[in-house]
There are 2 protein chains.
Amino acid sequence: MKKKDAILKVATVLFSNRGFKDTSVQELSRLTGAAEGTIFYHYKSKENLLLAILVKTRDDIVAQFDQFFENRPFDSGLEMAEETTSFYLYLAGLMEDQFLLLHRRFLYRFSESNPEFRKNLEAIYNCLVDYFEKAILTGQADGSIDSGIHPRKTALILFTMVDGMVRFKNDNLYDAGALFNELLKSCRRMLQVR
Amino acid sequence: MKKKDAILKVATVLFSNRGFKDTSVQELSRLTGAAEGTIFYHYKSKENLLLAILVKTRDDIVAQFDQFFENRPFDSGLEMAEETTSFYLYLAGLMEDQFLLLHRRFLYRFSESNPEFRKNLEAIYNCLVDYFEKAILTGQADGSIDSGIHPRKTALILFTMVDGMVRFKNDNLYDAGALFNELLKSCRRMLQVR
DNA sequence: AACAAAACTGAGCGTACGCTCAGTTTTGAT
DNA sequence: ATCAAAACTGAGCGTACGCTCAGTTTTGTT
C-alpha cells in the first residue's frame, strides 16, 4: 500500500500546480519510483486517479470542518461567522494543494461528463456554505447579526469572498495575509446590526 | 486580415472553455477554415497566439472601463462603488469568454516564464482595482463611505468578492444573477458610514 | 515450505500533437 | 500587365503521451 499512497500524494501536487494535461504519467512514475504500469494497476486511468484525489480532498476538508465546529463554543453567531472565515483561510494554507485543485477548471470539465466529479465537488461546497449559513442563522437568533440579510445568499457571498481571496493568493496576484484583518473587518461590517 | 482575426476569435472561445492543452491547432484549423500552416504564419507559436488573445483582452477590458467612467456623473462615491461592481458583472457577461480566460491557471503558469503575460495580467487587475479604490476615496471625501476603512485594501476585497462571483457563475456552481441584489447590498453595508 | 493472491514491472503499441517548409495563390501598388 | 510582398497551404517530421500486457516479485496464510 506504500506506492499507491505515494502516487496519490505526488499526483495531488502535480495536478494542482501543473495541471492535468501538463502532468504526464511518466513524470509521476519517475517522482514516485513506481513503474508506469503500477499507476494503472492501482488507478485504472489517469482520470480515475484524479477522481481518487478529489474524493480524498472532500473527505479531508469535510472532516476538518466538522472537527473544528464540534464542541466549539462561540460567544455569538457573528463571532462564529468570523471564525469560519478565519478557519477557511487557515485551512487553505494548510491544505494548499488540495484547495488549489478546487480552483482548477479541468475538474469542472470532468464534472460535465462524469457525475462522480460533480457529486464530490457539490459535497465540498455544500459543507462550506452550510457552515457559513449556520453562523448567520445563529447570529440572527442571538441578535449579533442583522436580521435584514438573507442567510443563504449572504452565506454564498461570504464564501465567494473568502474563496476568491484564496484564489488570488494561489495565483500570486496579491498576498492574502496582508488583507486578513481588513477581510475580517469587512465581514463584520457586512453582517453587523445597525 | 480575415483569417488572422477568425483564428484569434475562435481560439479565444476554445482556450477559455476547453483549456490550452485541450485545444489542438488542428481543431482551430478545422473551425476557422485556415490551414494549420496559416495559424503559425500569423502567430509564430501556440503560446504566442494565447498572448495575442491576452493583449486584446486587456485592451478591451481597459477600454470598456475607461469609457464607462468617462464623463459619467455619480451622486456619491458610494454610488460609484456600487456601479463599478454592477458594471463589472455586466461586462463579465458581455465578454464571457475573455473573463473566463482570466480565471484559467495556464495564464499564470506562462506568467512565470514569460514576463509579457504577467505584464498584461497586472495591467488588467490594476485598472480594475484602481477604479474600485477611486470610488472609495471619492466616497470618503464626500462622506458617503466610512473613513475607517482602508481604501486600497478594501478595493482589493471588493474586487475579490465580485470576481469570485464571476468565477462561480462561469463554473456553473451557482447563479450570480440570483445573488446580484444581495451582493450590492453587501457591498453597501461594507462601505457605509455608521 | 508451499502456494495463491496481490503488487509490481517496463518494453512496446497506437495515436495525437506542435511545428516546419517548400511551394502556391492572392493582393495591391506601379 | 507586371511583379514583389503578403497570405496561405498541407504533407510530413519528430516527439510525447496514455495505456496494455505478459511476465516477475513480494506478501501473507496455511
Side-chain angles (χ1 to χ4, degrees), chain A residues 1-56 101 104-114 116-117, chain B residues 1-56 101 104-114 116-117:
Chain A
M1 288 290 166
K2 207 73 167 300
K3 300 216 164 171
K4 189 176 179 182
D5 291 343
I7 293 163
L8 201 84
K9 207 169 168 180
V10 172
T12 302
V13 177
L14 291 193
F15 286 168
S16 299
N17 289 278
R18 274 173 200 258
F20 185 73
K21 280 257 177 171
D22 285 308
T23 301
S24 69
V25 178
Q26 186 191 176
E27 199 170 7
L28 284 174
S29 161
R30 201 164 35 84
L31 290 171
T32 55
E36 286 193 47
T38 308
I39 295 171
F40 289 98
Y41 169 73
H42 287 299
Y43 308 95
K44 63 176 183 284
S45 69
K46 208 182 157 190
E47 177 174 337
N48 227 264
L49 170 56
L50 178 64
L51 182 58
I53 292 170
L54 179 59
V55 169
K56 180 170 161 40
L101 187 75
R104 311 242 34 191
R105 195 114 210 288
F106 54 75
L107 280 185
Y108 303 89
R109 289 261 299 155
F110 281 122
S111 291
E112 289 166 19
S113 57
N114 187 335
E116 283 298 309
F117 280 88
Chain B
M1 286 292 167
K2 208 69 167 303
K3 298 214 166 168
K4 190 177 179 183
D5 291 342
I7 293 163
L8 201 84
K9 206 168 167 180
V10 173
T12 301
V13 177
L14 291 193
F15 286 168
S16 299
N17 290 278
R18 273 173 201 260
F20 185 73
K21 281 256 180 176
D22 285 310
T23 302
S24 68
V25 177
Q26 188 191 174
E27 199 170 8
L28 284 175
S29 161
R30 201 164 35 84
L31 290 172
T32 56
E36 286 193 46
T38 308
I39 294 171
F40 290 98
Y41 169 73
H42 287 298
Y43 308 95
K44 64 175 183 282
S45 69
K46 206 181 159 192
E47 177 175 336
N48 228 264
L49 170 57
L50 177 64
L51 181 56
I53 292 170
L54 178 59
V55 169
K56 181 170 161 41
L101 187 74
R104 309 242 35 190
R105 196 110 210 291
F106 53 76
L107 279 185
Y108 304 89
R109 289 262 300 154
F110 282 122
S111 291
E112 288 165 20
S113 57
N114 187 334
E116 285 297 310
F117 279 88

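These values consider heavy atoms only, across backbone and side chains, with no hydrogens, waters or symmetry-generated copies. Naming: A, B, ... by sequence-line order, numbering from 1 per chain. Quick caveat, the model's predicted, so the values are computed rather than measured.
- Ranked by how close their nearest DNA chain D nucleotide is to the 5' end, B:Gly33 and A:Gly37 are led by B:Gly33.
- Within residues 40-54 of chain B, the residues approaching DNA chain D are B:Tyr41, B:His42, by heavy-atom distance under 4.0 Å.
- The two atoms that bring B:Leu28 and B:Leu49 nearest to each other are CD1-CD2, 3.8 Å, heavy atoms only.
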From CA spacing to verdict: side chain to side chain contact (heavy atoms under 4.5 Å, CB included), A:Phe117, A:Leu50: CA-CA 9 Å; A:Phe117 280 88; A:Leu50 178 64; 3.7 Å; yes
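- When Watson-Crick and G-U wobble pairs are counted only if both distances are under 3.5 Å, C:dT27 pairs with D:dA4.
- The distance from atom CG of A:Asn48 to atom CD1 of A:Ile53, rounded to the nearest 0.5 Å, is 10.5 Å.
- Of the residues in residues 8-25 of chain B, none has a non-hydrogen atom less than 4.0 angstrom from any atom of DNA chain D.
- The main-chain N or O of A:Phe110 is never found under 3.5 Å from a side-chain atom of A:Asn114 such that the two would form a donor-acceptor pair.
- Read 5' to 3', the first and last nucleotides of DNA chain D with an atom closer than 4.0 Å to a heavy atom of chain B are D:dA6 to D:dG10.
- Under the Watson-Crick and G-U wobble criteria, each requiring two contacts below 3.5 Å, nucleotide D:dG12 is paired to C:dC19.
- Remark: side-chain polar atoms of A:Lys3 are paired, donor with acceptor, to backbone N or O of A:Gly33 under 3.5 angstrom.
- Here the CG-CG distance, from A:Leu101 to A:Leu107, works out to 4.5 Å after rounding to the nearest 0.5 Å.
- Between the side chain of A:Ser29 and the main chain of A:Val25, no donor-acceptor pair closer than 3.5 Å is present.
- Rounded to the nearest 0.5 angstrom, B:Gln26 CD and B:Leu31 CG are separated by 10.5 Å.
- Between B:Phe106 and B:Phe20, the two ring planes are tilted [angle within 30° to 60°].
- Scanning all heavy atoms of the two residues, the minimum distance from A:His42 to A:Lys4 falls at ND1-CD, 3.6 Å.
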